[in-house]
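What follows is a single structure, written as structure tokens, with notes after it.
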Amino acid sequence: MTENTQQSPRNGGPNSIPAQLPTQYAPAEVEGPLYERWVERGYFEAEATSEKPPYTIVIPPPNVTGSLHLGHAFQHTLMDALTRRKRMQGYESLWLPGMDHAGIATQNKVEQQLAEEGKSRHDLGREEFVERVWKWKQEYGGKILGQMRRLGDGVDWSRERFTMDEGLSKAVQTIFKRLYDDELIYRAERIINWCPRCLTAISDIEVEYQDDDGELVSITYGEGEDTLVVATTRAETMLGDTAVAVHPDDERYAHLIGKRIKLPLTDRTIPVVADTHVDPEFGTGAVKVTPAHDPNDFAIGQRHDLESMTVMDERGVITVHGPFEGLDRFEARSAIVAALREQGRIVAEKRPYVHSVGHCSRCKTTVEPRLSMQWWVKVGPLAQAAGDAVRDGRVKIHPEDMSKRYFDWVDNMHDWCISRQLWWGHRIPVWYGPDGEIVCVGPDEEPPGTEAEGWTQESDVLDTWFSSGLWPFSTLGWPEKTPDLAKFYPTDVLLTGHDIIFFWVARMMMFGLYAMDGRAPFHTIALTGLVRDEHGKKMSKSNPNSVDPLDWMDAYGADAVRFTLARGANPGADVPIGEDWVQASRNFANKIWNATRFALMNGATLEGELPPAEELSATDRWILSRLNTVVAQVDAYYDDYQFAKLSDALYHFAWDEVFDWYVELSKTTFMAGGPAADASRRVLGEVLDVTLRLLHPIVPFVTETLWTTLTGRESLVIAEWPADSGFRDAAAEREIETVQQVVTEVRRFRSDQGLQPGQKVPARLDLAGTQLAAHEAAMRSLLRLQPAGEEFTATASLPVAGATVALDLSGAIDVEAERKRLSKDLAAAEKEKAQANAKLGNEAFLGKAPEHVVAKIRTRLETAEADIERISAQLAALPKA
RNA sequence: GGGCGCAUAGCUCAGCGGUAGAGCGCUGCUCUUACAAAGCAGAUGUCACAGGUUCAAAUCCUGUUGUGCCCACCA
């Protein structure tokens, strides 16, 4: 990285460009080349050997199949702002990019492609298919990486990682082996969530529940005296029933407990068992038990040693010999109900019944609970540690109330089903021997035997979240002891959406603490909300409200999109965004552009020391005082992840104070010339320099373009973050406030009297008794007031804040309108005064209110009294009609 | 069924114990020599409802209504 002192070769030095700057900012022209320059110069590359303290963020790896949506743009903007600021603050700042192989999602994508060629993955075979997926990745994957460049993401491309990379795969195998040896990974037959379309098991959190309309049918089981009625929404599973359960204390069925009854449509009899799980109040109080196809029933089966009968294959097709064999589960449902009805076994006709049904989060297919042999992570001890790290404050969740959700899950976590019946992913490193041996193979070990000898490797792959759980350290080289790992682990902040607390955050916590000797992978978890449209509606790909951020970036620039998102980023809250708002941000960028243009045209400079306060005008001291206040504010907001507030503070400081007041007030100074003008040029340069630095992490492109032009230096990316100099000048702030008050009041009068903004009016300013003498020229300029000539006759007189502005409108003013207006204001001020007086006359208030509140009320009273005096004087000064 | 959150200007949201704020939108006047993607001026709210605590409540407590999200093995 070069010293940030050389002059930019492009523009040949400071301040030479103003004439070349067009009147409008054109983001499309500068953003692309600027980004490439940053990358070429290696600004985003972090050095493990650096002496600087590290600051690390790993990117939540987007799916290789993904493209940039507003949610990414949002989170990336915040992460980019954090890492850019830290870099400016002198940290060795690393934002590590990469992608997730996204097992099911990617496999689905490629299978889809194959389907278009009329093939299935089985036509290719496993090896060829996996090769095909890699090829797909090469060609179509990672589209999002290019889009990240467009956004301006300052990531270290030299450290880009992919969860299926060799190194990361080794990390996966290493931790699998370690967990296996620690007996934290095991294999067991359980009821799992099965997706009959993806043909794989999925974990509990990959199931999305939604209320579906179903039908509850009541069926008579048994014969003769020994009958009871059960209700079900999944009639097809009755073929696999191996019991009926009732509550042990339920007298209605006491005589049946222990007996066997006939299962309709089959030649089987099944026992009636007593189990406290059954709620006697619900339905008939009798439950059909299908251990192989329902998690509850499986548990009952375990307790009563029932047989588990699988009646469907992996596609959800009935496998039981007989009339229903070969039917899809939903066809079978109707067919079975029809058959039961024929036998007169349907007691109550189908009743509409809304109940919660699980769907595959990938393809929305209704999940089929299924008994199956799978691999599991025993989460107990891992989750305990993950919970404790937050409980004891080593890791902070921001905003804090999100931690409840974290604890709820971590403290009640079920074992995690990690095996997937897919081909794309990390293959489970376990080998099965000819004599039933099971051997887990570590990363540097050979398989225990060859296929010829009867050994086979487990065909399942791991849940994609297994590898992303290792992300904060696998990306840094773990399990090797690399310099990167030593320098950049633990990372600092994890910034991500609250929707993946369970999927990803909790798992990184578990694995990080486990693999890295109890060192949590980050000290702060900053959770963001979801991006929504301008009416707060959820954006989804299927909705017409879905927006491609690339379109907005093309139209308004990346900075505009970034600023809009940052400005909407209230901690943990959802972020609404609409095109109008992006436009407004574009306008802001343009405003900064033009203000800088103005500054350059007027010779704003950074050369030489900032003059000492005593050599500066009140206007200059005021803006410097405000500037430093804002620096401190912005720092505080950054440290609290208050992006909306810091963006807003900068927006208002820049636009309202610097551009609308300071720049306008300076115009007079510049025109007058002399040492005062020179000082102001230096101050304006300073104010813009610092403001651009402060804005840079959020709107990097426009600030970089302007700053390099202003300063002639190489880049703002590697410039220093501003520090609060501590300079404050309360007197100057008060003085300028008074100027603003006078100006605003006279403008109001002019506007109310229907004077055109540009119309010059002769005026006499009486500033005796105020500090405003120095500002007379500026005020006259802002207010379009001419010197009073010989003929001057005051037709209106406006006393305000101790000053009096007498105007010659050379004609009658609208006295009535003005009187009406002033009377209204007067009434308001008097009411205010009365209220303040009432408070100050209240002993209870005086006795209990804190001093600063009482002081505030006193000030309020004084202000009201001053207003009354001012307005009364103005009324008195009105010419008689 | 449990948990959490939210109800403030036309819209989207800040504020969370001491006189109601922002952006966009709206009204009027302006091409005032950086910017019309602009400038200036202006209008706009019984802070969901009902109780309570307090000298003081949009802000704290209780309840009601509406709304959103998360969790759960609702046959």
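Proteins come first, then strands; the chains are lettered A, B, ... in the order of their sequence lines, and each starts at number 1.
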Checklist entry - Quick one: is rG39(B) close enough that its OP1 or OP2 comes under 4.0 Å of any side-chain N or O from Trp655(A)? => result yes
Next on the checklist: Between rC6(B) and rA58(B), how many Å separate the two C1' atoms, rounded to a whole number?
Outcome noted: 14 Å
Checklist entry - Rounding to the closest angstrom, what is the interatomic distance between rA43(B) and rG10(B) at atom C1'? => result 13 Å
Item to check | Polar pair under 3.5 Å, donor/acceptor by atom type, side chain Gln583(A), base rA37(B) | outcome: no
Next on the checklist: Within the 4.0 Å heavy-atom criterion, would you say His535(A) contacts the bases, only the backbone, or no part of the nucleic acid?
Outcome noted: sugar-phosphate
Checklist entry - Given rC24(B), is OP1 or OP2 found less than 4.0 Å from the side-chain N or O atoms of Arg567(A)? => result no
Checklist entry - With a 4.5 Å limit on heavy-atom distance, are the side chains of Arg405(A) and Phe502(A) in contact? => result yes
Item to check | Closest non-hydrogen atom pair between Val743(A) and Leu783(A), with its separation | outcome: O-CD2, 3.4 Å
Next on the checklist: Side chain of Glu664(A), heavy atoms from C-beta onward: which of rA37(B), rA34(B), rG18(B) has the nearest atom to it?
Outcome noted: rA34(B)
Checklist entry - rG17(B) and rC47(B): how far apart are their C1' atoms, nearest whole angstrom? => result 15 Å
Checklist entry - Do Arg586(A) and Pro27(A) come close enough that some side-chain heavy atom pair is under 4.5 Å? => result no
Next on the checklist: Enumerate the salt bridge (Lys or Arg N to Asp or Glu O under 4.0 Å) contacts for residues 832-849 of chain A, please, sequence neighbours excluded, ordered by first and then second residue.
Outcome noted: Glu832(A)-Arg860(A)
Checklist entry - Lys839(A) has a side chain; which of rC71(B), rC69(B), rA56(B) sits nearest to it? => result rA56(B)
Checklist entry - Taking the same atom, C1', in rU59(B) and in rG23(B), what whole-Å distance lies between them? => result 23 Å
Next on the checklist: Counting the atoms with a prime plus P, OP1 and OP2 as sugar-phosphate, which does Ser356(A) contact under 4.0 Å by heavy atoms, base, sugar-phosphate, or nothing?
Outcome noted: base
Item to check | Out of rA22(B), rC70(B), rA75(B), whichever nucleotide has its closest atom nearest the side chain of Asp648(A) | outcome: rA22(B)
Checklist entry - Does Ser680(A) reach the side chain of Phe670(A), with side-chain heavy atoms less than 4.5 Å apart? => result yes
Next on the checklist: By the 4.0 Å heavy-atom rule, please label Val230(A) as base, sugar-phosphate, or nothing.
Outcome noted: nothing
Item to check | Sugar-phosphate, base or nothing in reach of Thr233(A), heavy atoms under 4.0 Å | outcome: sugar-phosphate
Item to check | Any side-chain donor near an acceptor of the partner, Glu206(A) and Ser203(A), under 3.5 Å | outcome: yes
Next on the checklist: Just N and O in the side chain of Lys404(A): are any of them under 4.0 Å from OP1 or OP2 of rC71(B)?
Outcome noted: no
Checklist entry - For residues 747-756 of chain A, which residues have at least one heavy atom under 4.0 Å from RNA chain B? => result Arg747(A), Arg748(A), Ser751(A), Gln756(A)
Item to check | Atom P, compared across rA7(B) and rC61(B): separation rounded to whole Å | outcome: 14 Å
Next on the checklist: Just to be sure I understand the rule, does Pro295(A) reach a base, reach only the sugar-phosphate, or reach nothing, if contact means heavy atoms closer than 4.0 Å?
Outcome noted: nothing
Checklist outcome for this item: Pairs under 3.5 Å (Watson-Crick or G-U), crossing ones as [ ], inter-strand ones as |: RNA chain B comes out as ((((((((.[[[[.)..(..]]]].(((((.......))))).....[[[[[..)....]]]]])))))))....
Next on the checklist: Is the phosphate of rG15(B) approached by Lys645(A) (side-chain N or O, under 4.0 Å from OP1 or OP2)?
Outcome noted: yes
Checklist outcome for this item: Checking rA22(B), rC55(B), rC35(B) against the side chain of Lys848(A) (C-beta onward), the nearest is rC55(B)
Checklist entry - How many Å lie between CD1 on Ile501(A) and P on rC71(B), as a whole number? => result 10 Å
Next on the checklist: Ring of Trp376(A), cation from Arg190(A) - is the NZ or CZ under 6.0 Å from the centre and inside 45° of the axis?
Outcome noted: yes
Next on the checklist: Side-chain N or O of Tyr406(A) versus OP1/OP2 of rG3(B): is the shortest distance under 4.0 Å?
Outcome noted: no
Checklist outcome for this item: Considering only heavy side-chain atoms of Gln24(A), the closest of rU12(B), rA37(B), rA34(B) is rA37(B)
Checklist entry - Rounded to the Å, how far apart are Phe563(A) CZ and rG23(B) C1'? => result 10 Å
Item to check | Which residues share a side chain to side chain contact (heavy atoms under 4.5 Å, CB included) with Ser308(A), sequence neighbours left out | outcome: Pro291(A), Ala292(A), Phe298(A), Leu371(A)
Next on the checklist: Tell me whether the side-chain N/O atoms of Asn842(A) come closer than 4.0 Å to OP1 or OP2 in rA56(B).
Outcome noted: no
Next on the checklist: Just to be sure I understand the rule, does Asn602(A) reach a base, reach only the sugar-phosphate, or reach nothing, if contact means heavy atoms closer than 4.0 Å?
Outcome noted: nothing
Next on the checklist: So, using ring pair (Phe, Tyr, Trp, His ring centres under 6.0 Å) as the criterion, who are the partners of His498(A) when residues are at least two apart?
Outcome noted: none
Checklist entry - C1' atom, rG3(B) versus rU8(B): distance in rounded Å? => result 26 Å
Checklist entry - How many Å lie between NZ on Lys537(A) and P on rC11(B), as a whole number? => result 12 Å
Item to check | Contact list for residues 651-665 of chain A, test side chain to side chain donor-acceptor pair (under 3.5 Å), sequence neighbours left out | outcome: Asp620(A)-Tyr662(A), Arg626(A)-Glu657(A), His652(A)-Asp656(A), Glu664(A)-Lys667(A)
Item to check | rA34(B) versus rG39(B) - spacing of their C1' atoms, nearest Å | outcome: 12 Å
Item to check | Arg303(A) and Asp275(A), any side-chain heavy atoms less than 4.5 Å apart | outcome: yes
Next on the checklist: Tell me the interatomic distance from Asp574(A), atom CG, to rC70(B), atom P, rounded to whole angstroms.
Outcome noted: 10 Å
Next on the checklist: If I take atom CD in residue Glu534(A) and atom P in nucleotide rG23(B), what distance separates them, rounded to the nearest angstrom?
Outcome noted: 19 Å
Checklist entry - To the nearest angstrom, how far is Asn570(A) atom CG from rG23(B) atom C1'? => result 12 Å
Item to check | Spacing of the C1' atoms in rA50(B) and rU65(B) (rounded, Å) | outcome: 11 Å
